[in-house]
Amino acid sequence: MTVPLYVQIRESLIERIQSGEWPAGTRLPAERDLAAEFGVSRGTVRQAITDLVAKGLLRRVQGSGTYVAEPKVEMPTHILLSFTEAMRRQGIEPGARLVAVEVVPATRKLAERLRLTVGESVYRIVRVRLGNQQPMALEFSHFPVRLCPGLDRFDLERRSIYEVLREEYDLILVRAEQSLEPTLARRFEAEALGIAEGSPLMLWERVAFTATGLPVEYAKDLYRGDRVRFSMVLHLPG
Ligand code: GLP
C-alpha cells in the first residue's frame, strides 16, 4: 500500500517537531519553500500542515504564519481540581478573563442540578480561562446565591472561585459528577477562545458537592481541543 504524499510530508514535519529541531514557537518556512524542499506541490504541503493544525501540533496566526504549538495541557479527569490547581500542577500560570457575572433565575434544568426551586437566584459566571495568558477554556459556572451571597464582589479574574468558596463561605467541594462530550465551537465560543468557528472542543459538564452532599456548582466548560488533552488513571473494577 502506498502512503499518500501528504501523509509522508506530515510525518516528516512531526519528526522535526518531536526531535526538537523545531521547538515550540518556531515559525515554519513558507509553504513554497517546504514544497521545493520536499519536491511536492504547495497543495500537498498545505494539506499536511492543515492536519497538524487540527491535531494541535501547529498553530496558524492570521497574517503572520504557522508556528509550532506549545505542548498540550494535561487535564486530569479522575480527580477533583479547580482550573487554577490543574494549571499550577503543570507549572502553568492560571488566569481568567471575565465575560459575564449576573444573577439569573434557576431554569428547570439548573434547579434540578442544584436542588433549588425553579426561579431561585443563581450566579451565572462566564470566564475565559487562560494558561500562560493563552485561552484554554470557556467556563459557564452557576452557584446558588443563597449559598454564597456576594460572590460577584470578589475579583474572579485573579482569584480561584473554588478558593473563594472555601475561604469566604466555608464551602469545600469534595466530590463531583462529571461528563465529557466532544462538540464544535459556535461563533460566540470561537470568538471568546480565539479559534475558528467549527473547531473541536470538549464539553465538560460538572455538578460539584460538599462532603454533606450539598450541590454548590453546576458548570459547563468548553475546552479547546487543540490545546488540552484529558487524562485519567484506571484501575480494575473492585
Ligand atoms: C474547573 C471546573 C469548573 C470550576 C473551575 C473553578 O475548571 N471544571 O467547574 O468552576 O475549575 O476554577 P477556579 O477555582 O480556578 O476559579
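- Among pairs with a residue in residues 126-146, those fulfilling salt bridge (charged side-chain N to carboxylate O under 4.0 Å, His left out) read E120-R146, R127-E139, R129-E139, at least two apart in sequence or across chains.
- In this structure, CG in L222 is found 12.0 Å from OG in S199, a value given to the nearest 0.5 Å.
- At least one side-chain heavy atom of L110 sits less than 4.5 Å from a side-chain heavy atom of Y218.
- Pairs engaging residues 69-97 under the salt bridge (charged side-chain N to carboxylate O under 4.0 Å, His left out) rule: E74-R229 [sequence neighbours left out].
- Rounded to the nearest 0.5 angstrom, R115 CZ and F209 CZ are separated by 6.0 Å.
- In this structure, the separation between CG on L130 and CZ on F83 is 7.0 Å, given to the nearest 0.5 Å.
- A donor-acceptor contact shorter than 3.5 Å is absent between the side chain of E205 and the backbone of S179.
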Worksheet item: Can you check salt bridge (charged side-chain N to carboxylate O under 4.0 Å, His left out) on R153 and E168, steps first, answer last?
Response: CA-CA 11 Å; R153 286 195 325 256; E168 314 286 346; over 6 Å; no
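- Residues R108 and V118 share a closest heavy-atom pair of CA-CG2, 3.9 Å.
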Worksheet entry | From CA spacing to verdict: side-chain contact (heavy atoms from CB on, under 4.5 Å), R32, R42 | CA-CA 6 Å; R32 67 173 173 299; R42 276 177 73 168; 3.9 Å; yes
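- Judged as a side-chain hydrogen bond (donor to acceptor under 3.5 Å, both in side chains), the pairs with a partner in residues 53-65 (not counting sequence neighbours) are, in order, T50-R60, S64-Y67.
- Side-chain atoms of L58 and I17, non-hydrogen and from C-beta on, do get closer than 4.5 Å to each other.
- A pairwise comparison of heavy atoms in P23 and T26 identifies O-OG1, 2.5 Å as the closest pair.
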Worksheet entry | Candidate pair L98 and I125, rule side-chain contact (heavy atoms from CB on, under 4.5 Å), full reasoning | CA-CA 8 Å; L98 208 51; I125 298 171; 4.1 Å; yes
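- Counting heavy atoms from C-beta on, the side chains of R113 and R206 never come closer than 4.5 Å.
- When all heavy atoms of A208 and Y162 are compared, the pair lying nearest together is CB-OH, 4.0 Å.
- Note on L52: it does not cluster hydrophobically with I195, by side-chain heavy-atom contacts below 4.5 Å among ILVMFWY residues.
- Interatomic distance, R46 CZ to Y6 OH, rounded to the nearest 0.5 Å: 15.0 Å.
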Item to complete: Please report the C-alpha distance between C148 and L165 in whole Å, then the side-chain angles of each, then the deciding distance to 0.1 Å, and finally whether the side-chain contact (heavy atoms from CB on, under 4.5 Å) criterion is met.
Response: CA-CA 7 Å; C148 44; L165 291 172; 4.1 Å; yes
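- Across all non-hydrogen atoms, the minimal contact from P215 to V207 is CB-CG1, 4.0 Å.
- Applying the ring pair (Phe, Tyr, Trp, His ring centres under 6.0 Å) rule to Y223 yields the partners W204, F230; only residues at least two apart in sequence or on another chain are considered.
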Worksheet item: Which is it for R16 and E37 under the salt bridge (charged side-chain N to carboxylate O under 4.0 Å, His left out) test, yes or no, and what are the steps along the way?
Response: CA-CA 14 Å; R16 289 185 189 181; E37 182 192 333; 2.5 Å; yes
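- Between F38 and L13, some side-chain heavy-atom pair lies under the 4.5 Å cut-off.
- Side-chain contact between Q90 and V73 is present, with at least one heavy-atom pair separated by less than 4.5 Å.
- Between the side chain of E102 and the main chain of Y123, no donor-acceptor pair closer than 3.5 Å is present.
- Scanning all heavy atoms of the two residues, the minimum distance from P135 to V128 falls at CB-CG1, 3.9 Å.
- Connection of I14 to L5 is established within a shared hydrophobic cluster, with ILVMFWY side chains joined at heavy-atom distances below 4.5 Å, either directly or through further cluster members.
- Using a 4.0 Å cut-off between charged nitrogen and carboxylate oxygen, K220 and E189 do not count as a salt-bridge pair.
- Taken to the nearest 0.5 Å, the CG atom of L214 stands 12.5 Å off from the CD1 atom of I172.
- For the side-chain contact (heavy atoms from CB on, under 4.5 Å) criterion with L34, the lone passing option out of I9, T66, I49 is I49.
- Under a hydrophobic-cluster definition in which Ile, Leu, Val, Met, Phe, Trp and Tyr are linked whenever side-chain heavy atoms come within less than 4.5 Å, directly or via other members, F140 and V103 are assigned to different clusters.
- Note on residues 3-14: pairs passing salt bridge (charged side-chain N to carboxylate O under 4.0 Å, His left out), not counting sequence neighbours, are R10-D51.
- Under the 4.5 Å side-chain heavy-atom criterion for ILVMFWY residues, a single connected hydrophobic cluster contains both W22 and V53.
- Applying the salt bridge (charged side-chain N to carboxylate O under 4.0 Å, His left out) test to residues at least two apart or on different chains, the pairs with a partner in residues 169-184 are R175-E177.
- Counting heavy atoms from C-beta on, the side chains of P76 and L81 come closer than 4.5 Å.
- Taking both residues in full, the closest heavy atoms of L151 and Y169 are given as N-OH, 3.1 Å, listed atom of the first, atom of the second, then distance.
- One finds the CG atom of D226 at 8.5 Å from the CG atom of L201 (value rounded to the nearest 0.5 Å).
- Hydrophobic clustering places V45 together with V68 (ILVMFWY residues linked when any side-chain heavy atoms are closer than 4.5 Å, directly or through intermediates).
- Taking 4.5 Å as the limit, some side-chain heavy atom of T210 sits within range of a side-chain heavy atom of V216.
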Worksheet item: Please walk me through it: do L171 and L147 pass side-chain contact (heavy atoms from CB on, under 4.5 Å)?
Response: CA-CA 8 Å; L171 290 168; L147 293 184; 4.1 Å; yes
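- The closest side-chain heavy-atom distance from F188 to L138 is below 4.5 Å.
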